[in-house]
Amino acid sequence: MTNPAATAPLAGRREWTAFTVLVLPLLLVSMDVSVLYFAIPAITRQLDPSATQQLWIFDSYAFALSGLLITMGSLGDRIGRRKLLLIGATAFGLASIGAAYATSAEMLIAARVLLGIGGATLMPSTLALVRNLFQDAAQRGKAIAIWSGVMTGGIALGSVMSGVLLNHFWWGSVFLINVPAMLLLLALVPALVPEFKDPAPGRFDLLSVPLSAAAVLPLVYGLKEIAAEGFELRYVLCLVAGLAFGFVFARRRRTREDAMVPRALFRGRGFAAGVGLNTIAAFAMMGSAYFTTQYLQSVLGMGTLEAALWSLAPSVVIGAAAPVSATLARQVDRAYVIAGGFLLAAAGFCLVALVDTDSLWLVLTGAGVLASGVVTVMSLVSDMALGAAPAEKAGSAASLLETGQEFGGALGMALLGSLGTAVYRDDLAGAEPAARETLGGAVATAGQLGGEAGAHLLTLAREAFVHGMQYAAWGGAALLLGAAVLAAALLRGIAAPAKGAAETKAKARSDADAAQAGPLPEAAHGAA
């Protein structure tokens, strides 16, 4: 049998330039998750949204994005990933202009929905094109490592970029920054990125479009609301509905050849495990972010911009984690590197569990260590899953990976957030209802009380929040330790070292030289 690594062509300057262009929409899509953090007060003053409308201004983007990822990944396989990327870039740019110049809350919500739809086309298209551009395993691993780091860093960068822009311009500038980037993408992608699509995609499974959205959206919505409001019957019913539609969607996938998620994806060893482990990594990342952002603002008392700037500090180590892990994975079985990434992330949670009410550097160090482990896992399991999937199904494979990330992030905030909230409320059992509900409510109540009573309540609330944060961190660490054991046990041999074409050719030359030298004399064998 021919070794695929030996025949896979190496990517050159053109492919790496194309990759640089493809990273741009990924950065903007991930930034748009957090870009409204600073803009919402100015939007509220100008558009006067109701409380419900304000929530939808935040959430409509994420819901549209997560609900359509599977559909758009499958669509890209059929019509062409480059074509879908260009359609998505156009929609994303136009929706950005609509959001920037929105004259009402309803118009802004509609624009945010269109941004989410555009984002749902951009994310799987970029990752699938990376899979197609880099045929060499080692180069693909390096590219996906960079891709994972950019996606993680973009979420933190979005809030900082928002604060900087709003110091000089009006709130619409946080959306207009997307437009020149999309124009650059539209100009360069046709010249640099070749088209890739499934040559025999079959019929498009139209019924699975609403089924996939009905499976994902109630789950993400229910988990997000449970994280914010606690367990209520309506949110639990959302989870039940999502699981029911998910069962129907999965059954359809197993029984139809033209299903939106093709069965061929799961025949590749390592694909299902990669999606699952990627979901756990996102669980840890967003579960940690849920607490650290509140810790910086409500426990340490930082302003939003100051907290956002400090939150960039862990990015220094994140930037090195992905390339280092990609290099290490070429030397040893990736199963052990993935397990090591989970152990590193668990160590980050353990550091977070040691914080008190004045531990800025400890919480930043813990967050950095955790994020480094998570990026290590995400980059390697994404590469493993995409490598296991047929190249013609790369769009569907990428969409499943990213849907798992959305679901894992919502689950992390819900479960770890609920654990921390339960401890917080128990510690403040005798406090006023508003203070017992959330730390933000306690800060507001303490301000109303003033004097020693307010200061005492604020101290108790901050200590209770940190106590809950510690419990959640230990819970997250336990989960990641279990994931490390699973990765080492289940992936051994599946996630073998990713040897590139250059390394394979060097080994072949070495073997040829040894063969030409002839056998060693018998005395030399004895000496050896």
Enquirer: Kindly indicate, with the supporting measurements, whether the criterion side chain to side chain contact (heavy atoms under 4.5 Å, CB included) is fulfilled by T279 and Q405.
Expert: CA-CA 5 Å; T279 301; Q405 283 179 194; over 6 Å; no
Enquirer: Which atom names give the shortest non-hydrogen contact between R81 and A128, and what distance separates them?
Expert: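 The pair with the smallest heavy-atom distance is CD-CB, 3.7 Å.
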Enquirer: Taking the inter-plane angle between the rings of F465 and F291 on a 0 to 90° scale, is it parallel (under 30°), tilted (30 to 60°) or perpendicular (over 60°)?
Expert: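 Rings of F465 and F291: tilted, 30 to 60°.
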Enquirer: Do L419 and L415 have side chains that get closer than 4.5 Å, going by heavy atoms?
Expert: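 In short, these two side chains do not touch, never coming nearer than 4.5 Å.
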Enquirer: Under the ring pair (Phe, Tyr, Trp, His ring centres under 6.0 Å) rule, what pairs show up with a residue in residues 298-318, not counting sequence neighbours?
Expert: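 Passing the test, one end in residues 298-318: W310-W361.
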Enquirer: Any donor-acceptor pair under 3.5 Å linking the side chain of T121 with the backbone of G118?
Expert: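 Yes, T121 side chain to G118 backbone: donor-acceptor pair under 3.5 Å.
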Enquirer: Quick one: does any side-chain atom of S359 pair with a main-chain N or O of D356 as donor and acceptor, under 3.5 Å?
Expert: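 Side chain of S359 to backbone of D356: a pair is present.
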Enquirer: Hey, does the side chain of S372 reach the backbone of G368 with a donor-acceptor pair shorter than 3.5 angstrom?
Expert: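 Here the side-chain-to-backbone pair exists.
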Enquirer: Do the non-hydrogen side-chain atoms of T357 and E463 ever get within less than 4.5 Å of each other?
Expert: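 They are in side-chain contact.
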Enquirer: Working to the nearest 0.5 Å, report the span between CZ of F19 and CG of L22.
Expert: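 Taking CZ in F19 and CG in L22, the distance rounds to 8.0 Å.
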Enquirer: Looking at CG of L84 and CG of L122, how far apart are the two atoms once the value is rounded to the nearest 0.5 Å?
Expert: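 Between atom CG of L84 and atom CG of L122 there are 8.0 Å.
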Enquirer: Which distance, rounded to the nearest 0.5 Å, do you find between the CG of L127 and the CG of D383?
Expert: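 If we round to the nearest 0.5 Å, L127:CG and D383:CG are 9.5 Å apart.
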Enquirer: Is the backbone of S298 close enough, under 3.5 Å, to the side chain of R462 for a donor and an acceptor to pair up by distance?
Expert: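 Yes; judged by distance alone, with no hydrogens or angles, the pair exists.
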Enquirer: Indicate yes or no: at least one non-hydrogen side-chain atom of I87 is less than 4.5 angstrom from one of F92.
Expert: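 Side-chain contact under 4.5 Å: no.
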Enquirer: Using a 3.5 Å cut-off and no angle test, enumerate the donor-acceptor pairs between side-chain atoms of residues 452-461 and protein atoms at least two apart in sequence or in another chain.
Expert:
from: T459; atom 1: OG1; to: A455; atom 2: O; distance (Å): 3.0

Enquirer: Looking at side-chain heavy atoms only, is the closest gap between L176 and W170 below 4.5 Å?
Expert: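 They are in side-chain contact.
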Enquirer: Return the CG to CD1 distance between L47 and I57, rounded to the nearest 0.5 Å.
Expert: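 Reported value, rounded in 0.5 Å steps: 6.5 Å.
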Enquirer: Does any part of the side chain of S96, heavy atoms only, come nearer than 4.5 Å to the side chain of M182, both counted from C-beta?
Expert: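 They are not in contact (no side-chain heavy atoms under 4.5 Å apart), so the answer is no.
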Enquirer: Under a 4.5 Å cut-off applied to non-hydrogen side-chain atoms, are M302 and L360 in contact?
Expert: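 Yes, side chains in contact.
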Enquirer: For the backbone of T376 and the side chain of S379, can you confirm whether one donor and one acceptor N or O come within less than 3.5 Å of each other?
Expert: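 Yes, the answer is positive, given that a donor and an acceptor are paired below the 3.5 Å cut-off.
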Enquirer: Hey, could you give me the CG/CD distance between N278 and E402, rounded to the nearest 0.5 Å?
Expert: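 If we round to the nearest 0.5 Å, N278:CG and E402:CD are 9.0 Å apart.
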Enquirer: In sequence, state the C-alpha distance, the side-chain angles, and the governing distance for V130 and T126, and then conclude on side chain to side chain contact (heavy atoms under 4.5 Å, CB included).
Expert: CA-CA 6 Å; V130 169; T126 55; 5.6 Å; no
Enquirer: Locate the shortest heavy-atom distance separating V363 from M469; write the atom from each residue and the value.
Expert: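 Of all heavy-atom pairs spanning V363 and M469, the closest is CG2-CE, 3.7 Å.
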Enquirer: V377 and G341: which non-hydrogen atoms are nearest, and at how many Å?
Expert: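 The answer is CG2-C, 3.8 Å.
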Enquirer: Could you walk me through whether L416 and F349 satisfy the side chain to side chain contact (heavy atoms under 4.5 Å, CB included) test, starting with their C-alpha distance in whole Å, then the side-chain angles of each, then the deciding distance to 0.1 Å, before giving a yes or no?
Expert: CA-CA 12 Å; L416 295 185; F349 262 134; 3.9 Å; yes
Enquirer: Please report the shortest heavy-atom distance between A64 and A120, naming the atom on each side.
Expert: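 Scanning both residues completely, I find the closest heavy atoms to be O-CB, 4.4 Å.
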Enquirer: Looking at side-chain heavy atoms only, is the closest gap between T103 and Q46 below 4.5 Å?
Expert: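 A side-chain contact is absent here, since even the closest heavy-atom pair is not under 4.5 Å.
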Enquirer: Distance check, rounded to the nearest 0.5 Å: Y61 atom OH versus L65 atom CG?
Expert: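 Nearest 0.5 Å value for the OH-CG distance: 5.5 Å.
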Enquirer: Counting heavy atoms not belonging to F245, are there more than 12 under 6.0 Å from its CZ?
Expert: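 Open.
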Enquirer: Does any non-hydrogen side-chain atom of R82 lie less than 4.5 Å from one of V189?
Expert: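 In short, these two side chains touch, coming nearer than 4.5 Å.
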Enquirer: If every non-hydrogen atom of T403 is compared with every non-hydrogen atom of I70, which pair is closest and at what distance?
Expert: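 Looking at all heavy atoms of both residues, the shortest contact is OG1-CG1, 3.5 Å.
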Enquirer: Given the rule in the side chain to side chain contact (heavy atoms under 4.5 Å, CB included) test, do L108 and Y101 qualify, once you have shown the distances and angles that lead to the verdict?
Expert: CA-CA 8 Å; L108 181 56; Y101 294 102; over 6 Å; no
Enquirer: So, for L69 and P124, which heavy atoms are closest and what is the spacing to 0.1 Å?
Expert: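 What the structure gives for the nearest pair is CD2-CD, 3.7 Å.
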